[in-house]
Amino acid sequence: MTFVVAPDEPVFVAGHRGLVGSAIVRRLEAGGHRNLLTANRQQVDLRDQAAVNAWMDQHRPRVIYLVAGTVGGILANSTRPAEFLYDNLMIHANVIQAARSAQVEKLLYLGSSCIYPRLADQPITEEALLTGPLEPTNEAYAIAKIAGIKMCDAYRTQYGCNFVSAMPTNLYGPNDNFDLESSHVLPALMRKFDDARRSGADSVTVWGTGTPRREFLHVDDLADACVFLMARYTEPGPINVGFGSDVAIGELAALVRDVVHPEASIEFDTSKPDGMPRKLLDSDRLHQLGWRPSIDLEDGIRSTYEWYLANVTGATS
Ligand code: GDP
């Protein structure tokens with residue numbers, strides 16, 4: 001059965017300024033949606049239950065995309081575990097609880113592929129959840145994300161709420177974080193090669209050994225999958241949203257280099273952590289529902305770099 005959201009029904013995108021939230025807003029607007037609700041941190045701090053309750057009572061969304069949170073790459077995750085736990089636990093709990101009180105009809109919660117055990121069989125199926133120890137460099141974030149999944153399931157079991165969870169693989173695209181200390185690998189490499197090109201440097205340093213493997217999904221594909229799942233998915237437990245194949249970090253660096261600064265060479269700083277050896281999702285469940293990604297990695301890198309040049313370097317140079 002399809003869950004239909006009419007263009008004028010109130011839809012709240014929690015986290016609309018981030019990589020994922022901004023892509024969901026673009027996707028909903030492109031689909032003709034005319035009643036999007038958003039709130040920035042000055043209007044409502046999602047870590048504050050009373051503020052979230054008041055906002056929800058006032059705006060009464062019918063549907064919520066819960067994609068707000070404190071996110072970051074391997075360094076931020078491992079050095080700021082308190083923030084990653086506190087912010088994310090509070091945001092998820094507050095929004096889910098307020099959604100129940102305000103009788104929101106459907107909520108889509110977004111997790112992360114780091115919820116799965118460090119040494120899970122690859123590709124990783126949804127059944128791998130809580131079957132083994134987590135990767136230490138992102139344990140705090142993963143614990144908060146697992147709590148969010150379990151909250152959606154618990155609210156379904158105890159209160160009958162139609163709250164679902166999707167687990168995206170590593171994402172990239174417009175509005176990503178390009179700060180070298182806190183970003184994920186793809187935007188970090190884009191920035192490093194672009195900085196090298198501008199300054200005339202002929203080599204770029206990549207963290208770790210270059211051998212870990214990651215799967216990358218363009219955020220516009222993810223947004224499309226989220227809208228699809230909102231309409232079509234009604235089960236407890238997570239559903240994976242992946243691209244379907246992975247690359248070694250060294251290969252990714254070469255792909256970004258070829259687009260941004262083809263003359264540069266690549267060096268590896270093995271004093272930096274590798275993190276999980278491999279993270280490739282099994283997205284069969286989603287494929288069987290009828291959804292597939294459409295943006296391949298090379299095209300996605302190229303278009304994201306165009307966005308970066310126009311929106312990041314353009315604004316600062
Ligand atoms: P993860 O998927 O949670 O490990 O998050 P990241 O996207 O931050 O890192 C993925 C992999 O890329 C890890 O093996 C990192 O060590 C590696 N990597 C290589 N260079 C960089 C860099 O400049 N920034 C980041 N964040 N990761 C890098």
Side-chain angles (χ1 to χ4, degrees), residues 18-20 69-81 83-85 88 110-120 122-124 133-146 167-173 176-197 201 203-219 222 240-243 245-257 260-261 264-281 297 300-301 304-305 308 312:
L19 171 69
V20 173
T70 294
V71 299
I74 193 163
L75 185 68
N77 247 298
S78 45
T79 53
R80 292 161 40 206
E83 263 174 84
F84 279 80
L85 259 175
N88 290 308
L110 216 68
S112 156
S113 57
C114 72
I115 60 160
Y116 293 116
R118 171 181 164 77
L119 298 177
Q122 307 281 327
I124 311 173
L134 297 165
E135 157 61 37
T137 55
N138 56 37
E139 190 182 71
Y141 185 67
I143 295 274
K145 285 288 169 191
I146 293 169
M167 298 306 116
T169 193
N170 289 38
L171 302 166
Y172 68 98
D176 209 341
N177 169 14
F178 290 86
D179 172 72
L180 292 179
E181 292 290 302
S182 56
S183 65
H184 286 100
V185 60
L186 199 153
L189 292 178
M190 196 165 278
R191 170 145 194 193
K192 284 179 180 177
F193 281 106
D194 188 64
D195 286 353
R197 183 179 66 81
S203 85
V204 159
T205 303
V206 175
W207 294 352
T209 60
T211 58
R213 299 187 70 84
R214 294 288 184 275
E215 177 188 27
F216 296 94
L217 182 72
H218 192 283
V219 74
L222 186 260
N240 290 341
V241 186
F243 179 69
S245 60
D246 59 357
V247 292
I249 295 302
E251 292 172 68
L252 176 75
L255 286 175
V256 176
R257 186 256 323 265
V260 178
H261 184 20
S265 63
I266 297 169
E267 283 168 16
F268 293 97
D269 175 0
T270 53
S271 70
K272 293 284 195 305
D274 270 344
M276 236 155 121
R278 192 176 186 201
K279 247 195 290 184
L280 173 63
L281 293 179
L297 184 55
I301 290 173
T304 303
Y305 185 50
Y308 176 81
V312 179

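In each ligand, atom 1 is the first atom listed, and ligand 1 is the first ligand listed. Throughout, residue positions are numbered sequentially from 1 according to the sequence presented.
The two atoms that bring L281 and P168 nearest to each other are CD1-C, 3.9 Å, heavy atoms only. Of all heavy-atom pairs spanning F268 and I266, the tightest one is CZ-CG2, 3.8 Å. Looking at every heavy atom in both residues, K279 comes nearest to I124 through CA-CD1, 4.3 Å. Between V219 and L19, the closest heavy-atom pair is CG2-O, 3.4 Å.
Which parts of ligand 1 touch K192 is read off a 4.0 Å heavy-atom cut-off, strictly below it: atoms 22 (C), 23 (O). Heavy-atom proximity to K279, at under 4.0 Å, picks out these atoms of ligand 1: 1 (P), 2 (O), 3 (O). If you number the atoms of ligand 1 from 1 as listed, the ones under 4.0 Å from a heavy atom of S183 come out as 26 (N). Less than 4.0 angstrom separates some heavy atom of G73 from each of these atoms of ligand 1: 8 (O). Distances below 4.0 Å separate heavy atoms of P212 from the following atoms of ligand 1: 14 (O). Residue-ligand proximity, A188 to ligand 1, at heavy-atom distances under 4.0 Å covers atoms 22 (C), 23 (O), 24 (N). The contact set between ligand 1 and N138, taken as ligand atoms under 4.0 Å from a residue heavy atom, comprises 3 (O).
Residues F243 and F216 place their aromatic rings such that the two centres sit no closer than 6.0 Å. Aromatic ring centres of Y172 and H218: separated by under 6.0 Å.
Between atom 28 (C) of ligand 1 and the options V185, T211, V71, T169, the minimum heavy-atom separation is to V185. The heavy atom nearest to atom 16 (O) of ligand 1, considering only P273, G208, G210, S78, is found in P273.
Within the 4.0 Å heavy-atom criterion, neither part of A253 lies near ligand 1. Looking at R214 against ligand 1, only its side chain comes within 4.0 Å, counting heavy atoms. Only the side chain of N170 comes within 4.0 Å of ligand 1, counting heavy atoms alone; its backbone N, CA, C and O stay farther away.
Looking at atom 11 (C) of ligand 1, its nearest protein heavy atom turns out to be I249 CD1, 3.7 Å. Nearest to atom 20 (N) of ligand 1 among the protein's heavy atoms is W207 N, 3.0 Å. Shortest contact from atom 8 (O) of ligand 1 to any protein heavy atom: I74 N, 2.8 Å. Atom 14 (O) of ligand 1 has as its closest protein heavy atom D274 O, 2.6 Å.
By the 30° and 60° cut-offs, the orientation of the rings of Y141 relative to F84 is perpendicular.
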Decide yes or no on salt bridge (charged side-chain N to carboxylate O under 4.0 Å, His left out) for R213 and E251, but give the supporting numbers first.
CA-CA 9 Å; R213 299 187 70 84; E251 292 172 68; 3.6 Å; yes
Set out, in order, the CA-CA distance, both residues' side-chain angles and the distance that settles side-chain hydrogen bond (donor to acceptor under 3.5 Å, both in side chains) for N177 and S182, then state yes or no.
CA-CA 8 Å; N177 169 14; S182 56; 2.9 Å; yes
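Put simply, the side chain of Q122 gets close to the backbone of L280: a donor and an acceptor are under 3.5 Å apart.
Qualifying salt bridge (Lys or Arg N to Asp or Glu O under 4.0 Å) partners for D274, counting only residues two or more places apart in sequence or in other chains: none.
Not a single heavy atom of K272 sits closer than 4.0 Å to an atom of ligand 1.
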